[in-house]
Amino acid sequence: MKASVSLDRAALRSSLLAWYDRQARTLAWRVSPDERRAGVRSDPYRVWLSEVMLQQTTVPHATPYFLSFTQRWPTVSDLAAVEDGDLMAAWAGLGYYARARNLLACARAVADQHGGVFPDTEEGLRALPGVGAYTAAAVAAIAFDRAANVVDGNVERVMSRLFAVETPLPDAKPELKALAGDLVTDERPGDWAQALMDLGATVCKPKGPLCDRCPVSAWCEAFKGGAPETYPRKTKKGDRPRRHGVAYVLTRGDAVALVRRPPKGLLGGMLGLPTSEWRATPYDDAEAVAAAPIAGAWRDFGAVEHVFTHFSLTLRVFAADKAGNGGANGGDFVWTPREGLSALPSVFLKAARAAERLL
DNA sequence: GATTCGTGGTA
DNA sequence: TTACCAAGAAT
């Protein structure tokens, strides 16, 4: 019995790794087989940076940011020397801004406490800011050839189908991780991790899996069962509540008044437009004007919709020009020229565009 | 252990 | 339009 299990595992691994070599999928952060033959080693800095950017983020969205970051800051020490505001501006639009704060904290920890060299073990990596179980395992495997169990959403889906796991997510996570761990060996751990994730991303997709092209369908219980797309099982998500707010576009010549948001919480540390409180009930005109950061001739520019992970937002947009209103002082604005608006999170970019006639 | 935290693409 | 989803981490 035991012999047949290990035989299956070896055959499955062999088939998937052969498929991975055949694909030769090119990604901006990946060392190609040709490069590897030429002696190029994967750079832990680039592996780490890519893994952080890819957390809950698609490859097409992350790729231009990765290229820009690695061009501006070729090493972790270069990144560690960046000022907070510049880093946050460079991250604008990627989302989950705690990642940017932790990215900088991690770079500085590596530069200051590790001599600019990344730890080469899972435990050492896991202790760094913004590096959780997945990222520590991924960097350990891909950059340092450690036999780490790299489990992301792709791997969970692949395991749930291979073994027809009936436990719904997220309860199934420990079970799926254990199943993935049984397939890890000392042979090409980095390639194995990437092969599994590539399979999930391009073949074993959430909807419409391409089982006729799958290198491991022969071992797949869900495929045998005839309904692979129904895995992983999952518990339904609750409704997303709606919130309402008002954003204020205050101009002074070419400049727009921005505010630096508190360091933690939603959009923490980012520049943003001044806004009212975001609450459950809509704002009428009088409330919107009353909540403005300074008194002025506020004009209604409609509203924009934005969806966050855990709520939807209807944001009314009011705008005014500060010219000829030198009196009232609403406090410390960061006056930013029009082109500087690219440093804003998307929700504020939408609102600013809504007032574009004024800008 | 349940919540909080973005964004853009796709069915 | 709605719902789901993508190489998760911190609290």
Side-chain angles (χ1 to χ4, degrees), chain A residues 25 27-30 46-66 88 91-103 105-106 125-143 148-158 169-171 173-174 177 180 190 192-202 204-209 229 232 234-243 261-270 272 278 304-315 344-350:
Chain A
R25 188 182 183 207
L27 298 170
W29 43 85
R30 186 172 286 179
R46 294 167 62 89
V47 175
W48 160 76
L49 180 61
S50 68
E51 292 300 343
V52 173
M53 287 183 167
L54 286 166
Q55 289 166 8
Q56 299 293 288
T57 305
T58 59
V59 166
H61 195 185
T63 296
Y65 287 85
F66 177 83
M88 300 311 284
W91 196 274
L94 248 196
Y96 284 134
Y97 298 98
R99 290 187 296 172
R101 303 194 298 269
N102 287 327
L103 188 83
C106 181
L125 291 160
R126 180 67 182 79
L128 295 168
V131 178
Y134 163 76
T135 304
V139 175
I142 298 168
N149 189 17
V150 182
V151 183
D152 71 335
N154 287 307
V155 177
E156 287 180 344
R157 182 172 57 258
V158 171
L169 284 173
D171 288 352
K173 281 176 174 289
K177 187 168 188 173
W192 173 251
Q194 294 179 90
L196 220 37
M197 293 191 284
D198 275 13
L199 185 74
T202 65
C204 196
K205 302 186 290 184
K207 295 174 184 173
E229 69 279 4
K234 50 188 64 175
T235 55
K236 285 187 179 178
K237 296 172 183 174
D239 270 6
R240 201 194 307 271
R242 175 165 300 281
R243 292 186 193 170
R261 297 176 61 83
K264 293 186 178 181
L266 187 70
L267 309 173
M270 298 296 291
W278 297 355
V304 295
E305 295 292 328
H306 192 77
V307 180
F308 293 95
T309 304
H310 51 297
F311 67 93
S312 298
L313 177 69
T314 300
L315 198 58
L344 294 180
S346 296
V347 60
F348 297 122
L349 216 47
K350 283 186 190 175

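Lettering follows sequence order; numbering is per chain, from 1. Fair warning: this is a prediction, and the values are worked out from it, not measured in the lab.
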note: A:Lys234, atom NZ; C:dC4, atom P; distance rounded to Å ~ 9 Å
Expected list for residues 125-132 of chain A near DNA chain B, using heavy atoms below 4.0 Å, is none
Test item: side-chain donor near acceptor, A:Arg99 and A:Gln55, under 3.5 Å: no
Between A:Lys350 and A:Lys264, the residue closer to the 5' end of DNA chain B by nearest nucleotide is A:Lys264
| query | Backbone N or O of A:Tyr134 within a donor-acceptor pair of the A:Asp152 side chain at under 3.5 Å? | reply | no
Subject >> Expected output: side-chain A:Gln194 to main-chain A:Gly190 donor-acceptor under 3.5 Å >> reply: yes
*Whole-Å P distance, B:dC5 and C:dA7*: 23 Å
Presence of A:Thr57 side-chain N/O under 4.0 Å of C:dG8 phosphate oxygens OP1/OP2
no
Can any side-chain N or O of A:His61 pair as donor or acceptor with the backbone N or O of A:Met53 at less than 3.5 Å?
no
task = May I ask you to check whether A:His306 and A:Phe308 place their ring centers less than 6.0 Å from one another?
result = yes
At a 4.0 Å cut-off to heavy atoms of chain A, the contacted part of DNA chain B spans B:dT4 to B:dG8
A:Phe308 atom CZ is separated from C:dA3 atom C1', nearest whole Å, by 18 Å
Using a 4.0 Å heavy-atom cut-off, does A:Thr309 contact any base of the nucleic acid, only the sugar-phosphate backbone, or nothing at all? base
Comparing A:Lys205 with A:Ala136, nearest DNA chain C nucleotide closer to 5' gives the residue A:Lys205
To the nearest angstrom, the NE2-C1' distance between A:His61 and C:dC5 comes to 14 Å
Here the distance between atom P of C:dA6 and atom CD of A:Glu156, to the nearest Å, is 10 Å
Exercise. Which part of the nucleic acid does A:Arg30 contact within heavy-atom distance under 4.0 Å: base, sugar-phosphate only, or nothing?
Worked result: base
Taken to the nearest whole Å, CG/A:Leu266 to P/C:dA9 is 20 Å
note: A:Lys236, atom NZ; C:dT2, atom C1'; distance rounded to Å ~ 14 Å
CZ of A:Phe66 to CG of A:Leu27, rounded to nearest 0.5 Å, is 10.0 Å
- Message: Heavy atoms only, 4.0 Å cut-off, all strands: where does A:Gly268 land among base, sugar-phosphate and nothing?
- Response: nothing
Rounded to the nearest 0.5 Å, the CZ atom of A:Arg157 sits from the CG atom of A:Leu196 at a distance of 10.5 Å
Out of C:dA7, C:dG8, C:dA6, minimum distance to the side chain of A:Arg25 belongs to C:dA7
Of C:dG8, C:dA10, C:dA7, the nucleotide closest to the side chain of A:Ala201 is C:dA7
Check your understanding: Expressed in whole Å, how much space separates the P atoms belonging to C:dA9 and B:dG8?
Key -> 22 Å
When rounded to whole Å, the CG to P distance for the pair A:Asn149 and C:dG8 reads 15 Å
message: Has A:Tyr65 got a side-chain atom pairing as donor or acceptor with A:Ser50's backbone, closer than 3.5 angstrom?
response: no
Does A:Arg25 use its side chain to pair, donor to acceptor, with the backbone of A:Thr202 at less than 3.5 Å? no
For A:Val307, report the nucleic acid contact type (base, sugar-phosphate, nothing); a contact means any heavy atom under 4.0 Å. base
Q: May I ask you to say what A:Trp48 touches in the nucleic acid, namely base, sugar-phosphate or nothing, with a heavy-atom cut-off under 4.0 Å?
A: nothing
Using a cut-off of 4.0 Å on non-hydrogen atoms, how would the nucleic acid contact of A:Ala133 be classed: base, sugar-phosphate, or nothing? sugar-phosphate
Margin query: Between A:Arg261 (side chain only) and A:Gly272 (backbone N and O only), is there a donor and an acceptor less than 3.5 Å apart?
Written below: no
| message | Would A:Thr314 and A:Glu305 count as a side-chain contact (heavy atoms from CB on, under 4.5 Å) here? Give the steps. | response | CA-CA 5 Å; A:Thr314 300; A:Glu305 295 292 328; 2.9 Å; yes
When you check the phosphate oxygens OP1 and OP2 of C:dT2, does a side-chain N or O of A:Arg240 lie under 4.0 Å from one of them? no
Please tell me if A:Gln56 has a side-chain N or O lying less than 4.0 Å from either OP1 or OP2 of C:dG8. yes
Note: for A:Lys207 and A:Gly265 on DNA chain B, the residue whose nearest nucleotide lies more 5' is A:Gly265
Checking C:dC4, C:dA7, C:dA9 against the side chain of A:Leu27 (C-beta onward), the nearest is C:dA7
Exercise for review: Using a 4.0 Å heavy-atom cut-off across all strands, classify A:Thr135 as base, sugar-phosphate, or nothing.
Suggested key: sugar-phosphate
From OH of A:Tyr134 across to P of C:dA10 the rounded distance in Å is 14 Å
- Query: Using a cut-off of 4.0 Å on non-hydrogen atoms, how would the nucleic acid contact of A:Leu267 be classed: base, sugar-phosphate, or nothing?
  - Reply: sugar-phosphate
